[in-house]
Amino acid sequence: MEKILSVENLKVIFNTYAGTVQAVSDVSFTLDKGEIIGIVGESGCGKSVTSSAIMRLIPSPPGQISGGRIIFDGKDLVSLDEKALQSIRGNQISMIFQDPIVSLNPVLTVGLQLAESFMLHQKLPKKLALEKAVELLKLVGIPAPEERIHQYPHQMSGGMRQRVMIAMALALRPRILIADEPTTALDVTVQAQIMELIKKLNTELSTAVILITHDLGVVAGMCSRVLVMYAGKIVESAPARELYNSPQHPYTWGLLKSVPRPDKQKAALSSIPGQPPDLLAPPSGCAFMPRCQFAMEICKQPPKETVGSENHSCRCWLVDPASPYSPGTLFKEGEA
Amino acid sequence: MLQYVSKRILSLVLVLYIVITATFLLMHAIPGGPFTAEKKLAPEVLRNINARYHLDDPLWQQYTDYMGNILKFDFGPSFKYQDRTVNKIIADGFPVSLQLGSLAVLLAVAFGIPAGIIAALRHNRFLDYLVMSSSTLGISIPSFILASLLIYFLAFKIKLFPAAMWNGFSYMILPSISLAALPMAVIARLMRSSMLEVLSQDFIRTARAKGVGQGLLIYRHALKNSLIPVVTYVGPMAAGVLTGSFVVESIFNIPGLGRHFVTSIYNRDYTVILGITIFYSALIVFFNFLVDIAYVLLDPRISLDKKGEN
Ligand SMILES: Nc1ncnc2c1ncn2[C@@H]1O[C@H](COP(=O)(O)OP(=O)(O)OP(=O)(O)O)[C@@H](O)[C@H]1O
Ligand SMILES: [Mg+2]
């Protein structure tokens, strides 16, 4: 498969009064054409910061990309100037944000906000751009789009606004769509509809999607590959099925245990005890060690990334070739 | 809309009624009257005068007479200037104050808003500090000092503008700058802080994610949202500036309405005090009405009918 995005050793920091927050450190992954990958992890692990970095929308100050490269189309987005970035944003790479209620401008009509992309990137006159906006609303399944384009965001429901956000992101058939928890603010039935819509658009327009969520259940049905993030690092990445069937990192295992699964009868869902580390002063060793029930002495040193079969990589001492244990057996015992 | 307008008119009537009554009573509660001067008038002269102006009538009758005349838009004769009615005083003075005030409001808005935007865009950098420190100056220098400085440097030292009087456009420059300084400074500060607030909103990030450049981002996505606090201030401020300022009009010797505010109180010129107060109140209510309209134009979530309810 053809690679369209490759993130290499990305590092993002925030300079705050309290000190330097290491929000994302040493994140690397690639995205193929038309592929859907998932990024999962607890709140605050750096999912949104990673996606904002790809869009080059890290607020600066206080934020800053302090290292690494983001290669798109043979160009390194990290070193592009604002002008060049503007022609990529919304055009080649676009993004759906976490909260549709506050992500639309309350004083502009939905139509103008949609049409704007065409006016900016295709230099269409407003009238033509508005006609395109109507088509977009049809595409995302909003009834009576001719009337809707004259409305303001507050006249629409949350689900409808998120559809508008998706329509906006897909306006110019971007090559990459970053969806940052596109359904967290919505109720369950709407969630399923939105996910279906993203999937459908991925097939029809062959847009590659980075789907960010902290819900492993959502990821299962949609993504070919999953990256698990913890404290600003990718701790495990594997094809979705592989990850579900044989998680290697204790954190992934913990996340999976907390997902309700219809195929397994379990009395109670467990959650991972403890808190993620303070990113102002991240531990020098494995960041998950304090919460890990399999922690060993060596975990005080930073674990190396081990790449196994099927592109299954993991940052954990348990899977180190020298480790006397195998995660698989340990987790089975833990399950019992 | 109709509901809103009728509510507004009703509240205008109520406000004016209260203002008139309160001013009327306060005026008469202060000891002395229009004709108590240092030089004592002969008792029979005083009696004649009091009879002519109905000052001997019981208070309630003076009050009802006055109210009746107001309904006919007749504010009565001035007690001080025998040949002039209050209507005439307002008709003479207001156009002058209006011209001067309009220029001052225009200056304040035209410089205050861009200054605030620039400060917000250069947050915590040189231009921001420059705007913030000049606006601190603008807020803290009293207008009579600013006026004197302007006259000294721009009228006497480099003879750029006339120092006083009222004879055409060039006479308006110095007084309108003196009037505009304070509101300009306040507007710049309001604009800066509300622009900073709006620029940190999520929908601004959405716009940038679409590829919107800096200029359009400010003009289309941030300006309307951030103007609301400024409009809230500009409405009542404009009403005040347009009716003239005693200090500035006295320093520049301008025949506007502003001086009558103060002189009529010195002179106990009852009808002038009342007339000008009513006029000023009506203007404030009118400008608040304009502010409400501006809200609706700026923010589609606000509707006039809902506003009228609170
Ligand atoms: N503007 C900022 N200033 C300082 N720190 C920040 C800023 N933005 C993000 N961070 C830090 O970066 C880290 C990662 O945040 P991020 O928003 O990427 O988390 P997330 O994985 O998207 O979480 P969630 O699931 O809650 O959306 C957090 O620890 C946060 O404190
Ligand atoms: Mg997030």
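Order of the sequence lines fixes the chain letters, A, B, ..., with proteins taken first and strands second; residue numbering starts at 1 for each chain.
Atom CE of A:Met95 sits about 12.0 Å away from atom CZ of B:Arg208, to the nearest 0.5 Å.
In terms of heavy-atom proximity, B:Leu216 sits nearest to A:Glu116 at CD2-OE2, 4.0 Å. Contact between B:Arg205 and A:Leu57 at its shortest, heavy atoms only, is O-CD1, 4.0 Å. Minimum interatomic distance between A:Pro106 and B:Pro300 (heavy atoms only, all atoms of both residues): O-CG, 3.4 Å. Listed here is the closest heavy atom pair of B:Lys210 and A:His121: O-NE2, 2.8 Å.
With a 6.0 Å radius and a threshold of 12 heavy atoms from other residues, nucleotides or ligands, B:Phe286 has its CZ atom at or below the threshold. Residue B:Phe111 qualifies as open at atom CZ: its count of foreign heavy atoms under 6.0 Å is 12 or below.
Looking at B:Val212, the atoms closer than 4.5 Å to chain A (heavy atoms on both sides) sit in the backbone and in the side chain alike. Contact of A:Gln155 with chain B is not made at all, since no heavy-atom distance falls under 4.5 Å.
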message = Working note: B:Gln214 + A:Gln86, criterion side-chain contact (heavy atoms from CB on, under 4.5 Å); need CA distance, chi angles, decisive distance, verdict.
response = CA-CA 10 Å; B:Gln214 181 85 311; A:Gln86 276 166 24; 5.6 Å; no
I'd like to know whether B:His221 forms a side-chain contact (heavy atoms from CB on, under 4.5 Å) with A:Leu108, so could you lay out the CA-CA distance, the side-chain angles of the two residues, the decisive distance to 0.1 Å, and finally the verdict. CA-CA 8 Å; B:His221 291 268; A:Leu108 300 178; 3.7 Å; yes
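In this structure, B:Lys224 and A:Asn105 have side chains that are not in contact, with every pair of non-hydrogen atoms separated by 4.5 Å or more.
Within the 3.5 Å criterion, the main-chain N or O of B:Thr206 finds no donor-acceptor partner in the side chain of A:Ser103.
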